[in-house]
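Step one of this worksheet: look at the structure below.
Residue numbers count from 1 along this sequence.
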Amino acid sequence: ANPWDAWLSHSGETLETLPAGARVGTSSLRRQCQLAEHYPQLVIKSLRGNVNTRLAKLDNGEYDAIVLAAAGLIRLEFAERIVQFLPTELSLPAGGQGAVGIETRSDDPATVALLQPLIDTPTSYCVSAERALNHRLQGGCQVPIACFAELDGQGANLTLRGLVGSLDGQTILRVDGACPIEQAEQLGRELGDQLLAAGADKILAEVYALG
């Protein structure tokens, strides 16, 4: 899985060298709140359309830089347009970002059996933790919720980081925890509860009210 967000700029600037007042486009409220927190001098603007449309808007000078999912750009053979990958410390990804899932009928054991060899167990544990946190917050794809799970070197333990942020980046709630991989979903629920106790429900209610 490739969870990283990709930074593309009009004239090759990195995030660190972009001047104050530069216009940064993103369709993601999750990215928006984190960029606003770290770089309040930038102007974060909404960006709509498919990948080609978004790239055209960047090339036409409507934006100085844009942020897209790296996995999508690589899949569409636009990897050369990426100026830098944003580290998770700067832009925590959405739950399950970069992971691929296959849906099948629960009453079709033959198909389920055929799909078993495709299951990547480490990824499954990570996605289970991330989905549990997101489900506890009742979050969808258009809310400023982020979470990212990683396994340790031995693959026996899992760490999970999560956040909920206000759109202006002024309030960012962060949590993190660790557990044996078998407790991945439980950890996700627990961290979701911690975010709710810290006021995530109020932030999310304000976002939904704007929608």
Side-chain angles (χ1 to χ4, degrees), residues 1-6 26-31 47-55 67-79 82 85-86 88 91-164 175-196 200-201 204 207-208 211:
N2 183 335
W4 291 282
D5 290 325
T26 173
S27 63
S28 165
L29 300 182
R30 168 187 60 81
R31 297 178 184 128
L47 175 64
R48 301 299 176 192
N50 60 35
V51 171
N52 285 308
T53 298
R54 297 181 191 190
L55 291 174
V67 184
L68 300 175
L73 289 167
I74 294 170
R75 183 175 65 252
L76 295 172
E77 300 184 352
F78 288 126
I82 299 173
F85 295 96
L86 301 185
T88 58
S91 185
L92 202 65
Q97 183 169 323
V100 176
I102 301 175
E103 184 174 345
T104 185
R105 300 188 307 275
S106 60
D107 61 350
D108 186 355
T111 300
V112 172
L114 288 172
L115 294 175
Q116 290 302 306
L118 300 179
I119 295 176
D120 183 80
T121 301
T123 299
S124 295
Y125 280 118
C126 290
V127 172
S128 293
E130 295 167 3
R131 285 171 60 89
L133 184 150
N134 195 61
H135 184 265
R136 186 67 187 89
L137 298 174
Q138 298 183 353
C141 60
Q142 292 299 321
V143 290
I145 299 173
C147 51
F148 183 49
E150 298 176 279
L151 300 184
D152 65 10
Q154 289 71 43
N157 296 291
L158 176 147
T159 60
L160 177 63
R161 290 177 283 156
L163 69 79
V164 171
V175 293
D176 62 81
C179 69
I181 55 174
E182 295 82 4
Q183 300 172 16
E185 289 190 34
Q186 179 182 337
L187 177 63
R189 291 191 295 269
E190 290 175 353
L191 294 189
D193 285 334
Q194 291 180 26
L195 285 168
L196 290 172
D201 53 340
L204 295 175
V207 173
Y208 284 126

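In terms of heavy-atom proximity, G95 sits nearest to C147 at CA-SG, 3.5 Å. The two residues L133 and G162 make their nearest non-hydrogen contact at CD1-CA, 4.3 Å. Nearest approach of P122 to L151, heavy atoms of both residues: CB-CD1, 3.4 Å. Here the closest non-hydrogen pair linking G177 and L191 is N-CD1, 3.8 Å. Contact between D5 and S91 at its shortest, heavy atoms only, is OD2-OG, 2.6 Å. Across every non-hydrogen atom of G139 and Y208, the tightest pair is CA-OH, 3.9 Å.
Under the 4.5 Å side-chain criterion, counting only non-hydrogen atoms from C-beta, L68 is not in contact with S27. Between T88 and R161, the closest side-chain pair of non-hydrogen atoms falls below 4.5 Å. Between V100 and T123 there is no side-chain heavy-atom pair separated by less than 4.5 Å. Here the side chains of T159 and D176 are not in contact, with every heavy-atom distance at 4.5 Å or above. Counting heavy atoms from C-beta outward, E150 and C126 have side chains that stay 4.5 Å or more apart. R30 is listed as a side-chain neighbour of Q97, based on a closest heavy-atom distance under 4.5 Å. By the 4.5 Å heavy-atom criterion applied to side chains, L29 and V143 are not counted as neighbours. Side-chain atoms of V67 and L47, non-hydrogen and from C-beta on, never get closer than 4.5 Å to each other.
From L187, atom CG reaches atom OH of Y125 across 14.0 Å, with rounding to the nearest 0.5 Å. Once rounded to the nearest 0.5 Å, the distance linking CG of L158 with CD of E130 reads 8.5 Å. Here CG of D152 is found 8.5 Å from CD1 of I181. Values are rounded to the nearest 0.5 Å. Atom CG of L76 sits about 7.5 Å away from atom CG of N52, to the nearest 0.5 Å. Rounded to the nearest 0.5 angstrom, L195 CG and L137 CG are separated by 5.5 Å.
With sequence neighbours excluded, the residues satisfying side-chain hydrogen bond (donor to acceptor under 3.5 Å, both in side chains) with D108 are R105, T111.
Ion pair E185/R131 not flagged as a salt bridge, since none of the NZ, NE, NH1 or NH2 atoms sits closer than 4.0 Å to an Asp/Glu carboxylate oxygen.
Sparse packing is recorded around CD of E77, with 12 or fewer heavy atoms of other residues, nucleotides or ligands lying under 6.0 Å away.
Within the 3.5 Å criterion, the main-chain N or O of G49 finds a donor-acceptor partner in the side chain of R54.
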